[in-house]
Visitor: 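This is the structure, below, for whatever I ask next.
Chain identifiers are assigned alphabetically (A, B, ...) following the order of the sequence lines, protein sequences preceding nucleic acid strands; residue numbering begins at 1 within each chain.
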Number of protein chains: 2
Amino acid sequence: MKTTPPSSSIEDYVKVIYSFTEWQDKPITSTQLAARLGVANSSVSEMVRKLKDQDLVEHEPYSPIRLTAAGLTLALSMVRRHRLLETYLVRELGYTWDEVHEEAELLEHAVSETFIERMSAKLGNPTRDPHGDPIPDAGGHITMAPSHRLDELDPGHRGRVSRISDHDPELLRYLEQHGIGVDTELQVVGRRPFGGTLVIARLPSPGAPSRTDDAGHLDLGDEAAVSLWLATVGTHPGCTVQEPAGGTLMHPHATGV
Amino acid sequence: MKTTPPSSSIEDYVKVIYSFTEWQDKPITSTQLAARLGVANSSVSEMVRKLKDQDLVEHEPYSPIRLTAAGLTLALSMVRRHRLLETYLVRELGYTWDEVHEEAELLEHAVSETFIERMSAKLGNPTRDPHGDPIPDAGGHITMAPSHRLDELDPGHRGRVSRISDHDPELLRYLEQHGIGVDTELQVVGRRPFGGTLVIARLPSPGAPSRTDDAGHLDLGDEAAVSLWLATVGTHPGCTVQEPAGGTLMHPHATGV
DNA sequence: ACTATTATTTCGGTATACCTAAATTTTTGG
DNA sequence: CCAAAAATTTAGGTATACCGAAATAATAGT
Ligand SMILES: [Mn+2]
Ligand SMILES: [Mn+2]
Ligand SMILES: [Mn+2]
Ligand SMILES: [Mn+2]
């Protein structure tokens, strides 16, 4: 029996299924998968059957889709490719952080394993991409400081920006213009009344005593707030978000699942 | 009407049609194209019709296939991509010259125009790839010193290796082991009797007075002889190959065809 | 000039990855 | 509980890029 390498489509399906569970653990549904891939629901139904035949996902009709161990391995390898490529484009070819996602999206399917490993070595085996996302190592292990989406944090929370979704280049350019990037120190100030925007403050210098002054205030729309993740450094009294226990969060894969 | 970008297959067809005429000018036939692409003749017939519909080739049934101006432009852009990628892989990622062809073969379809131009700039806009092949500039212009295939040269001819076909990685490793690479100075010594191998001599140091001593002799099989091109520096008496007139050979494209 | 060989195209099929519309199952709200 | 809405799958169909076998055109040898 000849084992065909996964097609680009299969690689994308598996990668998107994985990405959905990277920051929370509800498994992805058919419709959500279709939306993220930009294809019709019916296409997903067909492809999921194919993925199941290849033992990359578990799936019962009308229920959500979960990666198998083999599927997770493939997904992590794609995520590694994608994030290493983004890092390389920024560090070696002068790309800006808002340009790299699209380019990596195509390249990830075309480069060889050799290419990936030479690139990784040249970069010094980085562990975070230009948007703060963790880069799995060659063995599929991934580590990430516990973080929360900005829109889930109550006023008073302080933290370091640990990741920013790279999906919308415009948002990235906007944030950069306002001095917000990976590792920026931030504090949640509050919300404008009646479901208004989230107000945050940039903290002057990383490590220095945090001081919230008016100059650093910034209003963030919903789209921005859900795209920013904070590694919180202190819990405000009255906080409704509970801190995870450990200092690092190991992905299921690292613990053998 | 929406203009779809050429598929990878179309890009490959056009590139192979071009490559066939890069070093001689008989146009390629259906069967030759099929052989080089590794597909069935029937597939070529179908695809050539599609290429003709898209105005990339001229073709009458049962006759050879020629690129149109649009086809040539696309082909030269693919050749530029391929050769720049090969150069980049060698210079920036530590690839050896026998590894790059295969990798470039896939990458050329996946990288953006932006990627190509940033890469080219970083390399200082090189004009030759690791195998000596000329790299077209962004405008599709290409220049090459007039050269002859080693197997077409009579004994006595001297010259500088101007290009080596990169198709067979094993051949490249073999040549490297025997001290033959791009710009190596060479002299044709003769042929073993009764259709035997071609004997050549490596000339000691480039520019220095050429001296053929026994230590530098090497037998080349047919496959090797047709893969090596020499920019001849002197014509031996009794030569059957006529030297082209000009100092540089401009490709048809450069003169507007 | 004519036949045998070779080259090329046409024909009927396959695989992948999509789509829309219709059918079906699940979920929800009263 | 049960109908209406929402989610999901199935059915039927398209485009691309292949294939092998059959048909046809070109070419070569006598
Ligand atoms: Mn990305
Ligand atoms: Mn990223
Ligand atoms: Mn090559
Ligand atoms: Mn080359």
Visitor: Are any side-chain N or O atoms of B:R81 and backbone N or O atoms of B:V111, one a donor and one an acceptor, separated by less than 3.5 Å?
Guide: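 Answer holds: yes.
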Visitor: Could you work out which one of C:dA21, C:dT8, D:dT8 sits closest to the side chain of A:S42?
Guide: C:dA21
Visitor: Determine whether more than 12 heavy atoms belonging to other residues, nucleotides or ligands lie under 6.0 Å from atom CG of B:D53.
Guide: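 Atom CG in B:D53 is crowded, with more than 12 foreign heavy atoms closer than 6.0 Å.
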Visitor: Between the protein and nucleotides 25-29 of chain D, list the N/O to N/O atom pairs that are separated by less than 3.5 angstrom.
Guide:
{"residue": "D:dA25", "atom": "O4'", "partner": "B:Y62", "partner atom": "OH", "Å": "3.2"}

Visitor: How sharply is the helix from C:dA1-D:dT30 to C:dG30-D:dC1 bent, taking the axes over five pairs at either end and rounding to 10 degrees?
Guide: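 Angle reported: 0°, given to the nearest ten degrees.
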Visitor: When the distance from CG of A:D12 to C1' of C:dC18 is rounded to whole Å, what number comes out?
Guide: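 Computing the A:D12:CG to C:dC18:C1' distance gives 14 Å.
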Visitor: Between A:K15 and A:E105, does the salt bridge (Lys or Arg N to Asp or Glu O under 4.0 Å) criterion hold? Intermediate values first, please.
Guide: CA-CA 11 Å; A:K15 193 183 54 160; A:E105 205 58 47; 2.4 Å; yes
Visitor: Are A:H131 and A:H101 close enough that their ring centres sit under 6.0 Å apart?
Guide: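 Aromatic pair excluded; centres sit 6.0 Å or further apart.
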Visitor: For A:E46 and A:S43, does a side-chain donor sit closer than 3.5 Å to a side-chain acceptor?
Guide: no
Visitor: For B:S227 and B:S165, which I'm curious about, is there any donor-acceptor pair between the side chains at under 3.5 Å?
Guide: no
Visitor: C:dC19 phosphate, OP1 or OP2: any side-chain N/O from A:S43 under 4.0 angstrom?
Guide: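 Looking at the OP1 and OP2 atoms of C:dC19, one of them is under 4.0 Å from a side-chain N or O of A:S43.
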Visitor: Give the residues of residues 30-39 of chain A touching DNA chain D, defined as any heavy atom closer than 4.0 Å, sorted by residue number.
Guide: A:S30, A:T31
Visitor: Check whether A:Y95 reaches the backbone of B:F115 with its side chain - one donor and one acceptor, N or O, closer than 3.5 Å.
Guide: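 Here the side-chain-to-backbone pair exists.
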Visitor: So, does A:S9 get its side chain near the phosphate of C:dC18, meaning an N or O under 4.0 Å from OP1 or OP2?
Guide: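 For C:dC18, OP1 or OP2 has a side-chain N or O of A:S9 closer than 4.0 Å.
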Visitor: Going by heavy atoms in the side chains, are B:E86 and B:D166 under 4.5 Å from each other?
Guide: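 B:E86 vs B:D166: side chains touch.
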Visitor: Does the side chain of B:Y18 pick up a donor-acceptor pair with the side chain of B:E22 at under 3.5 Å?
Guide: yes
Visitor: Counting distance only, does the side-chain N/O of B:E11 pair as donor-acceptor with the main-chain N or O of B:H109 below 3.5 Å?
Guide: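 Not confirmed, B:E11 side chain does not pair with B:H109 backbone.
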Visitor: Select base, sugar-phosphate, or nothing to describe what B:A40 touches, counting heavy atoms under 4.0 Å on all strands.
Guide: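 Result for B:A40 = sugar-phosphate.
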Visitor: Under a 4.5 Å cut-off applied to non-hydrogen side-chain atoms, are B:I116 and B:E108 in contact?
Guide: no
Visitor: Do any N or O atoms of the protein come closer than 3.5 Å to N or O atoms of nucleotides 2-5 of chain C, and which pairs are they?
Guide:
none

Visitor: Can you see whether B:E103 engages A:S112 through a side-chain donor-acceptor pair at a distance of less than 3.5 angstrom?
Guide: yes
Visitor: Checking B:R36 now: which residues fulfil side-chain contact (heavy atoms from CB on, under 4.5 Å) with it, not counting sequence neighbours?
Guide: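 B:R36 satisfies side-chain contact (heavy atoms from CB on, under 4.5 Å) with B:V16, B:F20, B:I28 once adjacent residues are dropped.
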Visitor: How far apart are the C-alpha atoms of A:E117 and A:R80, what are their side-chain angles, what is the distance that settles it, and do they pass the salt bridge (Lys or Arg N to Asp or Glu O under 4.0 Å) test?
Guide: CA-CA 10 Å; A:E117 296 317 324; A:R80 173 172 167 78; 2.6 Å; yes
Visitor: Expressed as a whole number of angstroms, how long is the span from A:N41:CG to C:dC18:P?
Guide: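 Value for this atom pair: 13 Å.
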Visitor: Main chain of B:H59, side chain of B:K52: is a donor-acceptor contact present, judged purely on distance under 3.5 Å?
Guide: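 Confirmed, B:K52 side chain pairs with B:H59 backbone.
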Visitor: Between residues 46-56 of chain A and DNA chain D, which residues have a heavy-atom gap below 4.0 Å?
Guide: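 Within residues 46-56 of chain A, the residues near DNA chain D are A:E46, A:R49.
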Visitor: Can any side-chain N or O of A:R191 pair as donor or acceptor with the backbone N or O of A:G196 at less than 3.5 Å?
Guide: yes
Visitor: D:dT9, D:dT8, C:dC18: which one has an atom nearest the side-chain heavy atoms of A:H59?
Guide: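 Nearest to the side chain of A:H59 among the choices is D:dT9.
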